[in-house]
Amino acid sequence: MARILLNKSHLFHNLQLIESKIKDKNKIAVVLKDNAYGHGIVEIGTLCKEYGVRNAVVHSVAEAEKIVTLFDNILILADKQPPSYSHTFHMTINCINDIELMQKNTKVQLKVDTGMHRNGVAIEELEEAILGIYNKGLILSGVFTHHKSADELSSVFFWQKNNFKKVKKEVIKICEKLFLPIPIFHSSNSSATFRDNSFDDDWVRVGIALYGYLDTNPIFGIPKLKPVLSLYVNKLSSRKLLKNQCIGYGGTYTAQEDMDVSTYDTGYGHGFLRLNERKKFFTPEGYEVLGRVSMDNLSLNTTKDEICLFNNAWPLAKAHDTITYEIITSLKPDIPREITS
Ligand SMILES: *Cc1c(COP(=O)(O)O)cnc(C)c1O
């Protein structure tokens with residue numbers, strides 16, 4: 001049976017780097033959406049609580065319910081179903097129409113579009129939105145935005161940061177006028193957290209850095225993060241592949257000489273993306289994935305019983321011409337997770 005190992009000391013190392021950058025543990029909000037980027041939401045949530053993290057960010061109410069006992073605050077980014085009252089949940093208002101859907105006394109955080117143009121109300125709609133939230137009897141606990149290019153070498157990041165500064169000023173003005181408490185403010189994802197040297201928000205929302213990656217322009221100086229996840233696979237059968245015999249679908253790998261090969265119990269059905277003949281991949285111990293990856297099987301040039309298929313998503317992201325996010329979030333939730341120290 002394949003299994004995923006989660007390295008606790010690597011996770012804590014990454015959290016320490018994040019904490020030392022923003023100088024306050026209470027300002028960390030760990031992004032645990034999409035099953036904690038494929039790692040396992042309950043496992044990672046439990047470890048983050050042990051570290052002392054108090055805030056989390058997820059995609060849906062269903063995800064939030066899995067970790068409700070672990071955090072003081074859980075921001076739900078994208079769910080239009082109003083939850084039953086929770087002290088812990090904060091629902092995102094992604095557009096003015098969302099306000100009507102929420103029940104009285106629900107805590108909400110208002111997302112503002114400062115230039116990404118994906119979600120959020122426009123800066124010009126701030127007053128209308130806050131008044132709507134107030135009239136509906138909702139509790140405005142936060143105002144936030146999202147950067148579109150914190151990882152890229154351009155001035156867009158600073159332009160958005162400046163727009164958010166204006167948002168803060170405007171929100172404070174409106175709240176003072178209405179005698180409302182000032183909400184918390186946040187804007188930084190992982191790249192922005194490590195790039196920004198003038199941090200003055202109340203939270204950072206760190207996802208990918210927590211798991212040990214940062215797909216950012218190297219010019220910003222990449223912090224020494226450590227990948228948390230590794231995937232171990234187990235042998236199903238071994239055989240001798242004779243010179244000129246081919247292996248797997250399409251027979252795209254041909255033995256140059258007699259060799260020992262084995263099949264392992266994992267494939268693209270478990271979220272290990274399908275490699276083909278144009279993409280070579282070697283395990284950390286140097287074994288080669290031979291030919292195409294099948295749904296539940298892949299072949300390696302070894303007869304060992306258990307193999308670490310990968311312990312760093314970066315070379316796989318390169319092989320697949322994608323980003324580390326996609327490699328790790330693809331891993332299916334039914335692979336057993338184990339925590340190692
Ligand atoms: C996913 C997400 C994040 C985390 O981004 P990383 O690049 O993984 O740190 C932060 N904020 C929002 C709104 C997100 O959707």
Side-chain angles (χ1 to χ4, degrees), residues 27-37 41 45 53-68 70-148 150 160 163-164 167-168 170-171 174-175 180-190 192-193 201-208 329:
K27 292 189 173 183
I28 301 177
V30 287
V31 182
L32 304 180
K33 65 189 181 194
D34 296 276
N35 199 29
Y37 290 38
I41 186 167
V53 176
R54 298 173 50 209
N55 316 300
V57 182
V58 295
H59 182 75
S60 63
V61 172
E63 282 184 332
E65 279 165 353
K66 292 185 181 153
I67 51 168
V68 63
L70 301 175
F71 296 96
D72 295 346
N73 299 293
I74 303 176
L75 172 62
I76 296 156
L77 289 172
D79 207 329
K80 291 189 187 276
Q81 292 301 319
S84 47
Y85 177 76
S86 159
H87 198 65
T88 313
F89 295 174
H90 302 252
M91 301 297 287
T92 297
I93 301 294
N94 279 304
C95 61
I96 296 274
N97 294 344
D98 284 352
I99 296 168
E100 264 317 297
L101 304 175
M102 296 299 142
Q103 280 159 20
K104 198 169 152 57
N105 289 328
T106 302
K107 292 183 186 173
V108 296
Q109 297 208 5
L110 179 62
K111 187 155 192 190
V112 186
D113 179 11
T114 54
M116 186 168 184
H117 306 321
R118 190 177 65 172
N119 286 309
V121 303
I123 298 182
E124 298 72 33
E125 292 175 313
L126 274 175
E127 181 141 18
E128 180 190 349
I130 295 176
L131 260 175
I133 288 167
Y134 173 74
N135 288 332
K136 179 85 193 178
L138 308 176
I139 298 157
L140 180 68
S141 62
V143 172
F144 71 103
T145 194
H146 195 47
H147 284 286
K148 66 172 173 180
Q160 264 193 280
N163 286 342
F164 194 55
V167 169
K168 283 185 185 178
E170 184 72 12
V171 168
I174 297 166
C175 287
L180 291 174
I182 307 299
I184 64 160
F185 295 99
H186 48 101
S187 59
S188 299
N189 59 1
S190 297
T193 299
D201 287 346
D202 302 299
W203 278 9
V204 290
R205 304 184 307 268
V206 281
I208 199 75
T329 53

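Side chains are part of it too, since the values below use all heavy atoms of this structure and drop only hydrogens, waters and symmetry mates.
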Exercise for the section: Quick one: list whatever passes salt bridge (Lys or Arg N to Asp or Glu O under 4.0 Å) with Asp98, sequence neighbours left out. Expected result: Lys80

Practice task
With the side chain counted from C-beta on, respond yes when Asp79 and Glu63 share a heavy-atom pair under 4.5 Å apart, and no when they do not.
Solution key: no

Fill in the blank from the handout: Rounding to 0.5 Å, atoms CD1 (Ile184) and CD1 (Ile182) come to a distance of 13.0 Å

Exercise for the section: Kindly compute the distance separating CE (Met102) from CD1 (Ile139), expressed to the nearest 0.5 Å. Expected result: 13.5 Å

Exercise for the section: Can you measure from CD1 (Ile130) to CD1 (Ile174) and round to the nearest 0.5 angstrom? Expected result: 4.0 Å

Practice task
Say whether, by atom type as modelled, one donor and one acceptor occur between the side chain of Thr145 and the main chain of Asp113 under 3.5 angstrom.
Solution key: no

Handout entry: Minimum heavy-atom distance between Thr92 and Asn94, given as atom pair plus value
Key = CG2-OD1, 3.4 Å

Exercise for the section: Begin with the C-alpha distance, continue with both residues' side-chain angles, and end with the deciding distance and a verdict on side chain to side chain contact (heavy atoms under 4.5 Å, CB included) for Glu128 and Val121. Expected result: CA-CA 10 Å; Glu128 180 190 349; Val121 303; over 6 Å; no

Problem - Min side-chain heavy-atom separation Arg205-Lys33 under 4.5 Å - result: no

Problem - Nearest-0.5 Å distance that lies between atom NZ in Lys148 and atom CZ in Arg118 - result: 12.0 Å

Practice task
Verify whether one side chain among His147 and Asn189 offers a donor that lies under 3.5 Å from an acceptor in the other.
Solution key: no

Practice task
May I ask you to test the Val58-Ile41 pair for a side-chain heavy-atom distance under 4.5 Å?
Solution key: yes

Exercise for the section: Spell out, as yes or no, whether a donor-acceptor pair under 3.5 Å connects the side chain of Lys107 to the backbone of Thr88. Expected result: no

Problem - Thr106 side chain near Phe89 side chain, heavy-atom distance below 4.5 Å - result: no

Handout entry: Heavy-atom pair with the smallest gap, counting every atom of Asn163 and Thr114
Key = ND2-O, 3.0 Å

Exercise for the section: Check whether any side-chain heavy atom of Leu140 sits under 4.5 Å from a side-chain heavy atom of Leu180, and report yes or no. Expected result: no

Exercise for the section: Could you go through the side chain to side chain contact (heavy atoms under 4.5 Å, CB included) check for Asn119 and His146 one step at a time? Expected result: CA-CA 9 Å; Asn119 286 309; His146 195 47; over 6 Å; no

Practice task
Can you see which heavy atom on His90 is nearest to which on Gln109, and at what distance?
Solution key: ND1-NE2, 3.7 Å

Practice task
Begin from the C-alpha positions of Leu110 and Leu126 and carry the test side chain to side chain contact (heavy atoms under 4.5 Å, CB included) through to its verdict.
Solution key: CA-CA 9 Å; Leu110 179 62; Leu126 274 175; 3.9 Å; yes

Completion exercise
Heavy atoms of Gly45 and Phe71 approach each other most closely as O-CZ, 3.6 Å

Problem - side chain to side chain contact (heavy atoms under 4.5 Å, CB included) evaluation trace for Met91 with Gln103 - result: CA-CA 11 Å; Met91 301 297 287; Gln103 280 159 20; over 6 Å; no

Practice task
Check whether any side-chain heavy atom of Asn55 lies under 4.5 Å from a side-chain heavy atom of Leu75, and answer yes or no.
Solution key: no

Exercise for the section: Please examine the side chains of His186 and Asp202, heavy atoms only from C-beta on, and report whether any two atoms are closer than 4.5 Å. Expected result: no

Problem - Beyond-backbone contact of Val57 with Phe144, side-chain heavy atoms, under 4.5 angstrom - result: no

Fill in the blank from the handout: Looking only at heavy atoms, the pair that brings Phe164 and Asp201 closest together is CE2-OD1, 4.0 Å

Exercise for the section: Nearest 0.5 Å please: distance from the NZ atom of Lys111 over to the SG atom of Cys95. Expected result: 11.5 Å

Handout entry: Least distance between heavy atoms, Val31 atom then Gly207 atom
Key = CB-CA, 3.7 Å

